[in-house]
Amino acid sequence: MAQEEKNVPLLKMSNIEKSFQSVKVLKNVKLELYEGKVLALMGENGAGKSTLMNILMGNYHMDAGEIELEGKPVLIQSPIMALRLGISMIYQELNPILDMTIAENIFLNRENTFVHTNFVKEKYVNQETDRLLQQFDVARKATDKMKELSVAECQMIEIIKAVSYHSKIIIMDEPTSSLSSDEEEKLFSTIRDLKAQGVGIIYISHRMEEIFNIADNVMVLRDGEFITSESIQNVTRASLIKNMVGRELSDMYPKTKCEIGETILEIKDFNRKDMFHNISFQVKKGEILGISGLVGAGRSEVIKAIFGLDPYDSGQIFLKGKEVKIRNTQDAIQSGIAMVSEDRKAYGLILCRSINENISLAHMNQFCKGIFLNQKQEKKECESIANRLNLKRRDMGQPTGDLSGGNQQKVVIAKWMLRQPDVLILDEPTRGIDVGAKTEIYSMMCNLASKGIAIIMISSELPEILGMSDRIIVMHEGRLTGELMRSEATQETVLYYALGGKNNE
Amino acid sequence: MSKNINISTIFRKFGLVIILVCMCILVGVLSPSFFTATNILNVFRQVSMNGILAIGMTFVLITGNIDISVGSLVAVSGVIVGKVLESISGTTNVFPAVLAAIIVCTCLSLISGSMVAFFKVPPMIATLSMMTIARGMALVISNGQPYILRSKMFAVIGKGSIGAFPLPALIFIVTLIIFWVVLNMTTFGRKVYAVGGNIKAATASGINCQRVILTVYGLMGALSGLSGIILASRIGSGSPAIAEGYEMDAIAACVIGGTSTLGGTGKLQGTLLGVLIIGLISNALSLLNINSYWQQIVKGLIIAFAVIIDTYTKAKRG
């Protein structure tokens, strides 16, 4: 710290104020970032992290405050200005142009960087892109189309793009939310390289492990106010959570023991060409089954097929001992299977419609009086579930698009609570959700398990898998490679199977 | 409940009513014959055909689709009526003719709907092909010549009144009420919104989206048939060349009424106001003796204006 104080900070933001429609979202916030350092920016959803970063990127204009770059005051009015000043940002929601090539995406609007004409010189652009791809160890060609890439690869391209601007400051907003562990490691080594080159990085993430792995300093925002900024050595997990939430969280994973009963769902020899092979497993009453594996291991594909969203080539599904045929989602829901997708905006919610309509969507028939919908009863029941899940809202008619990530996820879960399912499948249930809401979702899962629901949870966060599952199965490249009971599972054993198990010994 | 009422929320909620009232006052001042009972009832009679089409179009747009074949279907409907009445001339029973027209139009629309729902043809293209096919069918059936409809019974549908109230307007209002109930009070209505709002999430919630889309197109066809029957009755002929561009008026009414072409949102109340606004423009311009060609320009401008307002208010919220 003492050494840093002598240096002029790379970036200094002070007394930042910002209001939206008379609501103060940032109050007197300060931030200091030094050359070659990673500053972790922490806080619950709605704490003001994104607003602060959007001000830095010129997307929003601050009401008051100063920004200094290397000691010189600057005025950032647009993202283009921010880029010119050497600040770039990797947004949480990627927006690649899918029909363009990697090179075209990286050098979008900078096609003539290498030659000064308005004609695009593909050759140079592609050469430079290939060089960058090689540098970052991405096994792709500059001319590959973006739509062929996995989400993780798109993320890498986004990072490469930021690097290619020769930025002095890079903001990363949840960069690992869709990366698998080994891709994460690749990202961290990239970050270390960038640090060595003197780049300052502002790193936003909800994952504690990463913060302790990569950050030099941690800054916490809560309700738009600056709480602390400390060196990572002086921070513990507990103190960090306390600062973020404003109260002590006794246990991150409130797993309760509940009685595990008979087998509810059994999958036998599930196959889909190029996706997954010979998948067999069962889930029991009251059990939480964790499915672990790297991104792209085929976990989501398997459960989507079970739920009738995706096709499968062969295999059998048994519910409570009886074989069922699931051709579409109607069949699955009727059999008592419910699924919360990993992508709640695509498969979970109708963002332009109300909370009420979203919750009742899958079980409208419950409220039918003849051909009419009994809207009074519907509202009453939806509201009671919303209250039970502690859903923060203005009113039940509010569009779900207005809600925060954690509350949106609660709406999706509420949808399946209207009629208690036998099997609840949760695909990445806490992705992009703040710590407070995460623990709420965990205790909800325990509560549901205690009611006798069999729960299947896919998660890419190892601590979550280890903390919540009674039993863990692991997939690697479309095959089941291991099964572990809660007592015998450790980070190492799960990872060992996730990386292919015996074959890699 | 938000108690934060300001001018912009009032305008967002009642903007169309305000526009409609202002237009009425303006036209009333410029032309004294506007506020006469005859003229007002005449406006209602004139808008009923577009109104019926716009009801169906609202459903189609809410599901995130579009149907540009409705003008051609209106022509098919008239020609079928002519053909059936001709072949059973002598009786006063017009019921078979009316039923045949509605069934044929429904079937044609179901074909468009299948193309969209099952073969994933973009709705604009699917209904473009149906637009051409249906127009061709109307010409083939009628051999290119309009049928003269002499049945007095049939003429009642479009020209009759109950008391002073025009029958077509009554049909429009009854249809509007029925479809309002369906959209707002039944599970099917909810599914229509859900499919247009996010078809993937609707599927994942166990909704048979293909069936919803197919049904919505079927209803659009039936309503096109009904609209065509009223038109044929009013003008006393079943012509294959009639009703070109009717689809545009129907879409315009929905869009002015705030139904998003992106799907998921829209109200029939808005559509009613849109229908009245379009009807009023035509009526006012003709009362004021303005060249009818100008009507098209004015209509086009109003549509563009309505969509810009819609997009702007949405962008501000979202």
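To find a chain, count down the sequence lines: A is the first, B the second, and so on, and within it residues start at 1. All of these numbers come straight from a predicted model, not from anything done at the bench. These numbers come from the heavy atoms of this one structure, side chains and all, not from hydrogens, waters or symmetry mates.
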Might you work through the side chain to side chain contact (heavy atoms under 4.5 Å, CB included) test for A:Thr400 and A:Leu351, ending with a clear yes or no?
CA-CA 5 Å; A:Thr400 48; A:Leu351 294 170; 4.3 Å; yes
Worked check of side chain to side chain contact (heavy atoms under 4.5 Å, CB included) between B:Thr63 and B:Phe59
CA-CA 6 Å; B:Thr63 60; B:Phe59 276 65; 6.0 Å; no
Does A:Val283 form a side chain to side chain contact (heavy atoms under 4.5 Å, CB included) with A:Ile455? I'd like the steps, not just the answer.
CA-CA 7 Å; A:Val283 209; A:Ile455 297 178; over 6 Å; no
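From B:Asn184, atom CG reaches atom CG of B:Leu268 across 7.0 Å, with rounding to the nearest 0.5 Å.
A:Gln377 and A:Glu381 are linked by a side-chain donor-acceptor pair at a separation below 3.5 angstrom, with hydrogens and angles left out of the test. A:Arg431 and A:Ser460 form no side-chain donor-acceptor contact under 3.5 Å, judged by distance and modelled atom types alone.
Contact of A:Ser341 with chain B is not made at all, since no heavy-atom distance falls under 4.5 Å. Interface remark: A:Glu357 contributes backbone and side-chain atoms alike to the contact with chain B (heavy atom separation under 4.5 Å). Interface remark: A:Phe307 contributes side-chain atoms only to the contact with chain B (heavy atom separation under 4.5 Å). Contacts of A:Ile333 with chain B are made by side-chain atoms alone, with heavy-atom separations under 4.5 Å and no backbone atom involved. Using a 4.5 Å cut-off between heavy atoms, A:Met339 does not touch chain B at all.
When each of B:Gly197, B:Gly263, B:Gly264 is scored by its heavy-atom pairs under 4.5 Å with chain A, the top score falls to B:Gly264. Each of A:Glu378, A:Lys304, A:Lys415, A:Gln398 has some count of heavy-atom pairs under 4.5 Å with chain B, and the biggest count is that of A:Glu378.
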